Amino acid sequence: MLGIVRGRIARGGVNASSLQKIRNQSLIYASSRSYSSASKEMTVRDALNSALDEEMSADPKVFVMGEEVGEYQGAYKISKGLLEKYGPERVVDTPITEAGFAGIGVGAAYHGLRPVVEFMTFNFSMQAIDHIINSAAKSNYMSAGQISVPIVFRGPNGAAAGVGAQHSQCYAAWFGACPGLKVLAPYSSEDARGLLKAAIRDPDPVVFLENELLYGESFPISAEVLDSSFCLPIGKAKIEREGKDVTITAFSKMVGYALKAAEILAKEGISAEVINLRSIRPLDRSTINASVRKTNRLITVEEGFPQHGVGAEICACVVEESFEYLDAPVERIAGADVPMPYAANLERMAVPQIEDIVRAAKRACYRSVPMAATA
Amino acid sequence: MSAAATKIIQPLPLNSTTTNRSPHKALFNPLKATPISSFPASTRKLRLTKPNSPHARRRSTSIFAVSDVVQEKKPTSNTFFPNLLITKEEGLELYEDMILGRSFEDMCAQMYYRGKMFGFVHLYNGQEAVSAGFIKLLKNEDCVVSTYRDHVHALSKGVPARAVMSELFGKTTGCCRGQGGSMHMFSKEHNVLGGFAFIGEGIPVATGAAFTSKYRREVLKEGDCDHVTLAFFGDGTCNNGQFFECLNMAALWKLPIVFVVENNLWAIGMSHLRATSDPEIWKKGPAFGIPGVHVDGMDVLKVREVAKEAITRARRGEGPTLVECETYRFRGHSLADPDELRDASEKAHYAARDPITALKKYMVENNLASEAELKVIEKKIDEVVEEAVEFADSSPLPGRSQLLENVFADPRGFGIGPDGKYRCEDPKFTEGTAHV
């Protein structure tokens with residue numbers, strides 16, 4: 001089924017562009033009718049909610065813990081309905097004590113429960129980062145395999161709209177650097193469902209980076225994805241759109257931007273291959289390299305800060321493994337190297353936009369003059 | 001038996017009439033605040049603050065026990081009690097545990113200076129009464145969470161001395177196969193959940209283990225699950241945010257946990273008095289609705305009595321307790337600490353209250369054991385520790401392939417290799433020769 005969805009997009013032409021149009025519309029409207037009556041549509045929010053629901057009913061050891069997850073139905077309504085269904089012992093509303101409840105989750109995971117700890121945004125995970133890294137990620141190693149930590153830390157990551165510097169940082173690069181953690185970043189509803197289920201079933205600590213602006217977006221979803229045992233493998237990227245001229249890697253919201261940029265580029269005769277990383281750690285280096293060996297050009301897109309970012313790691317790994325295949329320098333597109341400003345126009349400049357991706361692709365294909373590095 | 005025990009533990013009425021406080025006790029003057037209800041096992045019911053009544057708050061928040069610190073008083077205070085506090089077997093068990101802790105730590109110091117041990121090593125000399133007093137009351141399924149000063153907690157919980165010594169030498173036969181080290185003692189078999197280098201880090205983890213015990217009883221319907229968790233930490237930790245966060249949540253959800261503060265008055269070179277606005281740590285419990293108890297941590301019998309009550313409270317589902325043990329470490333913070341800031345007279349004062357000599361004196365004077373029997377135990381422990389060192393010495397270092405093992409429980413977390421298959425499926429992966 002995955003292959004069929006991929007094929008639909010890759011074939012280009014009328015079907016793909018109408019799919020894109022529908023995607024654009026669903027940013028504003030609620031789930032709209034898809035062009036094909038065979039596939040359903042589901043928002044990312046519903047996908048996450050259904051994944052949590054199914055995993056909680058399948059395994060009584062799974063419980064959700066975080067601020068506002070219970071009576072408030074979730075700060076972003078991801079845990080809606082779970083309190084009524086499973087009760088307050090399994091959907092635990094906590095006081096505002098990230099370090100405390102992240103540590104409590106880790107302690108419970110040491111003992112065989114499977115907590116899903118929600119951070120209202122990943123910015124607040126910095127208050128608990130000691131527990132994520134030191135007592136979760138490193139424990140299996142320090143105890144030589146005696147104590148594994150089957151915990152999931154999830155929440156929205158990255159910039160939302162106009163929330164200012166302290167609520168907008170992307171943590172993919174920081175968590176992606178730590179051994180012992182698995183870091184996932186879903187894009188579509190299918191990603192959200194499959195990866196969250198895989199994360200909850202995984203015996204290791206998983207950092208699950210969602211995106212607030214994607215919660216309301218609808219994506220077509222096949223019957224296979226709706227099955228309660230649907231799981232996506234951790235560590236495998238997905239080629240969202242096949243192409244032959246330039247590879248664009250992205251994760252989370254940037255995949256949507258990359259796909260739109262690919263549409264624009266297609267009109268100008270550049271066929272872009274878009275890779276949805278899905279998994280930041282472990283990074284699917286083999287898919288990325290195979291794609292670069294095919295297209296010979298690479299653009300990495302991410303929302304986070306440029307220095308030591310995910311793009312830097314991808315660039316290094318491609319240079320190490322596929323140097324001879326590169327026909328142009330690797331282009332890194334990242335957020336501006338500044339704390340996120342508040343003003344709407346400045347915020348737009350601080351986050352990558354579709355035009356940036358298009359320009360970079362053209363530069364990589366020698367269609368335009370290289371720009372000096374901007375902030 | 002329990003009725004008799006209830007009568008025995010009456011530290012409050014006894015001490016409120018005594019005026020004999022040792023000079024250093026000016027530090028702790030709990031009797032400035034009038035004791036309202038006594039803890040742990042008074043004949044009156046334990047009165048806890050109702051959260052919404054300010055009047056009650058003023059009256060019954062101080063729940064504590066004051067310990068008699070003057071050593072010489074012990075024999076006479078015993079005549080006040082009709083029965084002894086321990087049986088012979090219990091006494092010998094405690095003695096053996098404390099001697100094991102002391103000999104082991106002394107041997108660690110020797111080995112460190114000979115270069116067999118390295119890195120950060122924090123020794124527990126002087127604090128053995130707290131470990132023996134608390135941990136010897138636990139079942140195997142109960143958990144212990146500790147700090148970097150964790151060798152003796154692991155030993156008291158039942159981790160074999162040879163496993164701990166090998167771990168310190170960094171050998172593959174250690175309890176964590178040499179991957180943890182002095183500060184990270186983990187044992188799933190004995191439910192020792194670490195071993196944490198960051199102070200305060202173990203407290204939320206311990207609270208989580210207690211949460212699991214409650215969850216298993218209430219959600220997973222394992223009706224007889226009454227496992228208790230002990231969290232050990234020091235005076236410096238009591239100024240850390242995570243401590244307060246966990247006191248709050250443990251009290252809120254009535255978790256079966258005992259917070260044991262090993263107040264040895266020093267956090268490396270920072271005196272507790274210089275770092276804390278209110279140095280009486282037991283007082284911080286009642287602020288969250290938890291009984292706060294202060295006990296003489298150099299006296300294993302007193303610690304054991306308080307521990308019994310606190311652990312039973314937790315097992316009955318009545319919630320957490322905060323126990324402050326006034327204790328002292330005879331050595332520096334770690335083996336790298338020159339220990340220059342502590343006053344010689346303070347050290348001498350506490351050296352005179354060595355818990356092992358105190359217990360020995362108690363047992364001999366009350367005819368629980370003879371000197372000869374205790375000597376036999378000491379000799380036996382010497383042999384155990386020697387054997388542990390030999391075992392550790394002769395154990396092999398970890399193999400090269402062990403570097404990449406156990407990072408993940410599911411090693412597919414290492415991702416996919418260039419050939420498109422999972423890295424961990426590459427046979428060269430565990431040999432340590434595959435590129436990661």
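Note that the structure is predicted; figures quoted are calculated from it, not measured. Sequence lines set the chain letters: A, B, ... in the order given, protein chains first and strands last, and positions in each chain run from 1.
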Taking [X] for its side chain and [Y] for its backbone only, find out whether a donor-acceptor pair lies under 3.5 Å.
X: Q146(A); Y: C175(B); value: yes
X: Q179(B); Y: Y141(A); value: yes
X: E201(B); Y: S135(A); value: yes
X: D204(A); Y: F408(B); value: no
X: N406(B); Y: N140(A); value: no
X: D410(B); Y: P203(A); value: no

Pairwise side-chain contact, [X] with [Y], heavy-atom cut-off 4.5 Å (strictly under):
X: F186(B); Y: Y110(A); answer: yes
X: P204(B); Y: V106(A); answer: no
X: H111(A); Y: H227(B); answer: no
X: P233(A); Y: Y422(B); answer: yes

For [X] and [Y], work out which heavy atoms get closest and say how close.
X: A99(A); Y: Q242(B); answer: CB-CG, 3.8 Å
X: A144(A); Y: C176(B); answer: CB-O, 3.1 Å
X: L252(B); Y: P95(A); answer: CD2-CG, 4.2 Å

Is chain A contacted by the side chain of [X], its backbone, both, or neither, given a heavy-atom distance below 4.5 Å?
X: L220(B); answer: side chain
X: I203(B); answer: neither
X: L403(B); answer: both
X: C143(B); answer: side chain
X: T229(B); answer: neither
X: A209(B); answer: both
X: V407(B); answer: both
X: F243(B); answer: neither

For the [atom1] atom on [X], are there more than 12 heavy atoms of other groups (residues, nucleotides or ligands in this structure) within a distance under 6.0 Å?
X: F244(B); atom1: CZ; value: yes
X: E84(A); atom1: CD; value: yes
X: Q166(A); atom1: CD; value: no

Approximate separation, where rounding is to 0.5 Å, of [X] [atom1] and [Y] [atom2]:
X: M185(B); Y: M142(A); atom1: CE; atom2: CE; result: 12.0 Å
X: N191(B); Y: I147(A); atom1: CG; atom2: CD1; result: 8.0 Å
X: R216(B); Y: L113(A); atom1: CZ; atom2: CG; result: 7.5 Å
X: F196(B); Y: S139(A); atom1: CZ; atom2: OG; result: 5.5 Å

Considering only heavy atoms, which portion of [X] lies under 4.5 Å from any heavy atom of chain B: side chain, backbone, both, or neither?
X: L181(A); answer: backbone
X: D130(A); answer: both
X: I234(A); answer: backbone
X: V92(A); answer: side chain

Let's test your reading of the structure: which of [options] forms the most heavy-atom pairs below 4.5 Å with chain B?
options: G145(A), S148(A), A102(A); result: G145(A)
options: N134(A), N289(A), D284(A); result: N134(A)
options: G235(A), S279(A), S143(A); result: S143(A)

Inset, instruction - Determine, step by step, whether E218(B) and E89(A) satisfy the side-chain contact (heavy atoms from CB on, under 4.5 Å) criterion, reporting the C-alpha distance in whole Å, the side-chain angles of both residues, the deciding distance to 0.1 Å, and the verdict. - result: CA-CA 8 Å; E218(B) 293 181 2; E89(A) 292 111 2; 3.9 Å; yes
Inset, instruction - Identify whether NZ of Lys or CZ of Arg in K61(A) sits under 6.0 Å from the centre of the six-membered ring of Y215(B) and within 45° of that ring's axis. - result: no
Inset, instruction - Assess whether side-chain contact (heavy atoms from CB on, under 4.5 Å) is satisfied between H131(A) and V205(B), documenting all intermediate values. - result: CA-CA 9 Å; H131(A) 282 290; V205(B) 173; 4.1 Å; yes
Legend entry - Distance flag, aromatic centroids of F211(B) and F101(A), threshold under 6.0 Å: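 That pair fails the under 6.0 Å test.
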